[in-house]
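Some notes on the structure that comes next.
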Amino acid sequence: MNKTDAHITIKDLTMAYGSFVVMRDLNFTIGQGDVFIIMGGSGCGKSTLMRHMIGLQAPARGQVLYGDLSFWEAEPAEQDRIMKRVGVLYQSGALWSSMTLAENVALPLEQYTDLSPSQIREVVSLKLSLVGLAGFEDFYPSEISGGMRKRAGLARAMALDPDTLFFDEPSAGLDPVSARRLDDLILELRDSLGATVVVVTHELASIFAVGNNSVFLDPETKTMIAGGHPKKLLEECEDPRVHSFLTRGEETTGGALE
Amino acid sequence: MNSSMEASSAAGELSISRPSDNTLLLRLAGSWKMGQALPSANEVEKQIESGPGIERIAFDTKELSVWDTGLLTFVIKVRNLCSQGEIQLDSQGLPEGARQLLALASAVPEKKGARGETVRESFLSQVGEDAIAFARSSREMLDFIGEASIAFFRFLTGRAQFRRSDLILIIQESGAQALPIVSLISLLVGLILAFIGAVQLMLFGAQIYVADLVGIAMVRVMGAIMTGIIMTGRTGASFAAQLGTMQVNEEIDALKTLGVSPMEFLVLPRMLALVLMMPLLCLYANLMGILGGFIVGVGMLDLGLMEYYNQTKAGVGLDDLAIGLFHGLVFGVLVALAGCLRGLQCGRSASAVGDATTSAVVTGIVSIIVATAIITVLCNVLGI
Ligand SMILES: Nc1ncnc2c1ncn2[C@@H]1O[C@H](COP(=O)(O)OP(=O)(O)OP(=O)(O)O)[C@@H](O)[C@H]1O
Ligand SMILES: [Mg+2]
């Protein structure tokens with residue numbers, strides 16, 4: 001683990017939709033350069049937690065700190081500045097449906113850089129080929145498959161080489177080989193760009209392959225019940241809920257997934 | 001999952017017996033399949049209620065031929081009865097497959113608090129809630145209008161971020177492509193006005209004034225109102241559906257996290273397009289309406305061609321035209337705002353998109369009529 005300093009800190013966070021509390025009292029730290037996994041059963045509030053971290057939903061209580069700065073108490077200009085350094089892949093891809101893939105990836109570049117149209121085209125081709133979509137520049141999101149949309153969303157999230165990348169279930173809907181390539185890409189982004197990556201996933205293979213820190217959300221107690229390096233979690237965590245999650249519900253112990 | 005593949009035998013039957021004092025034996029026979037008339041669990045409930053002292057319910061399924069979900073829902077009802085009455089359920093007699101499916105169905109306990117609780121509220125608190133909701137929605141509307149104005153000023157100072165190609169596309173969709181329906185409707189409205197007027201005016205032999213009637217009515221308000229209502233149904237609804245679907249697909253979230261204001265990127269081009277196109281469409285509707293009156297005047301009332309033309313020219317003033325175009329401009333803003341507001345407020349489901357569209361049309365039409373009333377009163381006060 002290369003834990004230099006805290007990049008994102010979650011402090012006493014309580015998340016709610018109206019009066020329906022999703023999770024309460026979350027506390028954890030994401031270090032610079034971590035690949036941080038948010039895991040937990042379906043519907044336990046992983047996407048909601050991500051929405052709190054990327055400035056889409058205000059916490060019912062508690063703080064989201066970027067460095068030392070509390071995001072939800074900061075000035076709008078300050079929030080914008082933080083968000084400019086963040087790339088997000090949404091669970092559904094969330095490509096802008098009225099634009100081609102190339103235009104989707106190009107929009108962040110047009111907004112925040114002074115690149116010329118031809119340079120932008122080159123960057124766009126590069127990003128699309130990184131996710132295995134070279135040649136699909138002029139397709140509309142409705143003309144490609146769900147897994148391809150996911151990958152195009154990934155290309156858009158990476159467009160500006162952000163400091164922090166949030167991926168919501170990146171490998172859902174991908175075939176095993178593409179999923180594997182995606183894991184490699186995540187590690188590559190971390191190593192070459194020094195990016196911090198936050199991944200929401202239940203793919204055990206990815207969790208163990210890329211994660212070096214994690215948090216486990218439990219819908220029963222409505223809070224986090226474990227955290228840390230996934231492999232250590234598998235070896236050391238006593239909690240049966242965590243253990244059964246990390247072993248696909250099989251009660252056997254030992255690193256069967258190594 | 002049928003336990004045997006016999007040809008569908010007799011319909012499902014249930015017989016209840018009490019082999020011992022504390023046991024209720026349910027004997028299931030025949031075919032228990034969904035969509036057939038199956039015995040209900042009420043029988044079992046009656047039995048439980050009639051005699052106290054039942055501690056165990058068992059099943060006998062030796063004569064059961066085929067089964068599917070129909071059997072499972074029955075057993076689940078019985079199980080719920082058991083848990084209410086603290087009775088033990090002995091599922092030993094059930095087919096093996098059914099037992100396993102039942103075990104799976106109860107593997108994940110029902111999430112507490114996930115099912116929305118429906119508490120019956122008193123009349124007063126409902127009125128209160130509604131009042132608060134109304135205040136909140138009015139504030140949201142004001143917020144939205146404020147933000148839209150800011151976006152518009154940023155556009156005037158050349159700082160707004162949106163794609164010119166979007167603007168041009170929306171102009172084309174809401175302007176040029178609306179011409180056929182605007183032609184048809186305003187031509188017919190002109191015809192209708194002329195007909196109704198003619199019937200009355202002919203009584204006095206004053207049919208020449210049909211030209212004034214149709215001309216002034218169309219140019220001053222009717223052209224604008226008809227265009228406004230067409231555009232609410234056509235373009236306002238489409239704005240709401242587009243933005244609502246973008247909300248469902250998280251596309252708007254994606255814009256926000258990129259630091260692009262949806263107000264500038266999505267609402268502004270739509271507002272600009274309608275503000276530009278509505279007065280033009282109004283002008284066109286005016287002409288078509290006058291043409292409608294002309295057809296009735298010349299074709300039915302035997303007015304001369306030049307006669308009708310000159311009467312219209314004398315009757316309709318430039319200020320009528322200006323007021324008509326002003327109506328159009330205001331309606332353009334209102335239709336665009338109503339469509340975009342409802343679209344951005346949309347929830348995250350297909351039915352929410354439907355609601356947003358409906359609400360956009362209702363809001364659009366109501367605001368058009370209210371605005372017309374206000375402008376008419378103002379014109380009256382100002383004496384135009
Ligand atoms: N808009 C909403 N209004 C009310 N409740 C919501 C809303 N969105 C989500 N929820 C509730 O919040 C909980 C968490 O939802 P969330 O989408 O964060 O789950 P998740 O962990 O991402 O699940 P999955 O792995 O299936 O994507 C769910 O129980 C859901 O019922
Ligand atoms: Mg999710």
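Proteins get letters first, then strands, A, B, ... in listed order; numbering begins at 1 in each.
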Step by step, would you call B:Thr257 with A:Val86 a side chain to side chain contact (heavy atoms under 4.5 Å, CB included)?
CA-CA 8 Å; B:Thr257 41; A:Val86 164; 5.8 Å; no
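- Contact of B:Leu169 with chain A is not made at all, since no heavy-atom distance falls under 4.5 Å.
- For a residue to count as touching a neighbouring chain, one of its non-hydrogen atoms must lie under 4.5 Å from one of that chain's; by this rule A:Leu56 touches chain B with the side chain only.
- Note: B:Lys256 NZ to A:Met83 CE = 12.5 Å, rounded to the nearest 0.5 Å.
- The environment of CG in B:Asp130 is crowded: more than 12 heavy-atom neighbours from other residues, nucleotides or ligands sit within 6.0 Å.
- Of the two parts of A:Phe166, neither the backbone nor the side chain holds a non-hydrogen atom closer than 4.5 Å to a non-hydrogen atom of chain B.
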How far apart are the C-alpha atoms of B:Gln161 and A:Gln111, what are their side-chain angles, what is the distance that settles it, and do they pass the side-chain hydrogen bond (donor to acceptor under 3.5 Å, both in side chains) test?
CA-CA 8 Å; B:Gln161 325 160 300; A:Gln111 288 295 324; 2.7 Å; yes
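- Listed options A:Gly55, A:Pro108, A:Ser98, A:Gly87 were ranked by heavy-atom pairs under 4.5 angstrom with chain B; first place goes to A:Pro108.
- Taking CH2 of A:Trp96 as the start and CG of B:Asp166 as the end, the distance is 11.5 Å to the nearest 0.5 Å.
- Neither the backbone nor the side chain of A:Arg81 has a heavy atom closer than 4.5 Å to any heavy atom of chain B.
- Dense packing is recorded around CZ of B:Phe144, with more than 12 heavy atoms of other residues, nucleotides or ligands lying under 6.0 Å away.
- Side-chain atoms of A:Tyr90 come within 3.5 Å of backbone atoms of B:Asp253 as a donor-acceptor pair (strictly under, hydrogens ignored).
- Contact tally against chain A (heavy-atom pairs below 4.5 Å) for B:Val248, B:Val260, B:Leu255: the top residue is B:Leu255.
- To the nearest 0.5 Å, the span separating OG on A:Ser47 from CD on B:Glu250 amounts to 7.5 Å.
- Here the OG atom belonging to A:Ser97 is positioned 6.0 Å from the CE atom belonging to B:Met246, to the nearest 0.5 angstrom.
- For a residue to count as touching a neighbouring chain, one of its non-hydrogen atoms must lie under 4.5 Å from one of that chain's; by this rule A:Leu89 does not touch chain B.
- Between chain B and the options A:Val88, A:Asp80, A:Leu107, A:Leu160, heavy-atom pairs under 4.5 Å are most frequent for A:Leu107.
- When every heavy atom of B:Ala254 is checked against every heavy atom of A:Ala94, the shortest pair comes out as CB-O, 4.0 Å.
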